[in-house]
Amino acid sequence: MARILSIDYGKRRTGLAVSDPLQIIAGGLCTVDTPQLLTYITDYVSREQVERIIIGLPVQPNGQPSENQARVREFTGRLRKALPQIPVEFWDERYTSVMAHQTMLQSGISRKRRQDKALVDEISATIILQSYMESKRL
């Protein structure tokens with residue numbers, strides 16, 4: 001089996017997570033400066049077998065698009081054009097940042113490390129991916 005890559009797209013930096021080859025566990029991959037994101041992903045998929053890419057779709061609690069959604073959709077169009085052989089799907093990312101902060105608190109990460117926004121983005125991407133994979137097992 002191939003991996004699944006997930007993206008928590010941000011205006012400045014973007015968190016990435018990836019599944020294990022059996023698609024059982026999601027793990028944080030890294031955080032990339034958003035202007036370098038497309039280059040990073042195309043390089044990554046040239047080295048690793050990626051079956052699918054999941055992108056967190058920013059939606060407000062009331063279901064309306066968030067301000068970042070237009071940027072996410074624009075990037076997704078460029079990604080699909082660059083990697084037409086890999087399916088790209090959206091996944092609701094509501095509350096993933098809140099869940100990432102809760103995860104960091106529960107895991108005992110230091111206060112200084114919890115303020116690292118890059119770590120929050122990476123954990124958010126991991127939560128998006130794990131949620132997606134769990135939904136496919138139901």
Side-chain angles (χ1 to χ4, degrees):
M1 282 181 113
R3 297 176 187 275
I4 301 173
L5 177 72
S6 79
I7 301 171
D8 181 33
Y9 188 90
K11 187 176 181 180
R12 293 190 189 116
R13 84 194 151 267
T14 297
L16 299 173
V18 67
S19 72
D20 64 298
L22 296 176
Q23 300 178 6
I24 298 170
I25 298 171
L29 181 60
C30 66
T31 303
V32 177
D33 289 335
T34 299
Q36 283 78 48
L37 181 60
L38 189 57
T39 301
Y40 183 90
I41 292 172
T42 55
D43 181 57
Y44 183 82
V45 301
S46 73
R47 292 180 282 116
E48 296 286 339
Q49 192 175 3
V50 175
E51 173 183 305
R52 177 171 313 276
I53 298 173
I54 306 303
I55 299 182
L57 188 64
V59 180
Q60 294 179 24
N62 65 3
Q64 295 297 311
S66 77
E67 91 171 62
N68 197 36
Q69 193 176 108
R71 286 187 286 271
V72 170
R73 290 186 181 280
E74 186 274 329
F75 172 76
T76 301
R78 291 189 294 128
L79 181 62
R80 285 178 171 148
K81 194 176 274 190
L83 300 169
Q85 73 281 13
I86 300 176
V88 178
E89 292 181 41
F90 290 116
W91 194 255
D92 187 342
E93 69 170 31
R94 273 182 274 196
Y95 307 113
T96 55
S97 292
V98 172
M99 288 187 277
H101 282 289
Q102 289 173 342
T103 300
M104 292 166 70
L105 274 171
Q106 292 170 351
S107 66
I109 292 175
S110 71
R111 181 181 196 143
K112 181 174 175 136
R113 188 85 169 107
R114 289 193 311 260
Q115 293 172 343
D116 179 358
K117 292 181 181 178
L119 180 59
V120 173
D121 294 338
E122 187 177 322
I123 292 172
S124 293
T126 305
I127 291 168
I128 290 166
L129 180 54
Q130 193 67 45
S131 172
Y132 171 83
M133 291 190 311
E134 287 172 4
S135 77
K136 298 303 175 189
R137 288 187 205 120
L138 298 177

First locate atom [atom1] of [X], then atom [atom2] of [Y], and finally report the distance between them rounded to the nearest 0.5 Å.
X: Ile4; Y: Gln130; atom1: CD1; atom2: CD; answer: 10.0 Å
X: Tyr40; Y: Thr31; atom1: OH; atom2: OG1; answer: 9.5 Å
X: Ile86; Y: Ile41; atom1: CD1; atom2: CD1; answer: 9.5 Å
X: Glu74; Y: Leu79; atom1: CD; atom2: CG; answer: 11.0 Å
X: Ile7; Y: Leu129; atom1: CD1; atom2: CG; answer: 11.0 Å

Problem - CZ (Arg47) with more than 12 external heavy atoms under 6.0 Å - result: yes
Quick one: does [X]'s side chain have a donor or acceptor within less than 3.5 Å of a partner on [Y]'s backbone?
X: Thr126; Y: Gly28; result: yes
X: Gln60; Y: Pro65; result: yes
X: Asp8; Y: Gly15; result: no
X: Glu93; Y: Val59; result: no
X: Ser131; Y: Ile127; result: no
X: Ser6; Y: Ile54; result: no
X: Arg3; Y: Ser19; result: yes

Problem - Qualifying residue, where the test is side-chain contact (heavy atoms from CB on, under 4.5 Å) with Leu5 and the options are Ile55, Val88, Leu29 - result: Leu29
Exercise for the section: Report the residue from Arg12, Arg13, Lys11 that forms a salt bridge (charged side-chain N to carboxylate O under 4.0 Å, His left out) with Asp121. Expected result: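 The passing option is Arg13.
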Problem - Counterpart residues, side-chain hydrogen bond (donor to acceptor under 3.5 Å, both in side chains), relative to Asp33 (two or more places apart) - result: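 side-chain hydrogen bond (donor to acceptor under 3.5 Å, both in side chains) check on Asp33 returns nothing, list empty.
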Handout entry: Listed once per pair and sorted, the ring-ring contact (aromatic ring centres under 6.0 Å, His included) pairs that draw on residues 68-89, sequence neighbours left out
Key =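 Output for this query lists Tyr9-Phe75.
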Practice task
Just grab all the ring-ring contact (aromatic ring centres under 6.0 Å, His included) pairs involving residues 118-137, residues at least two apart or on different chains.
Solution key: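 Sorted pair list: Trp91-Tyr132.
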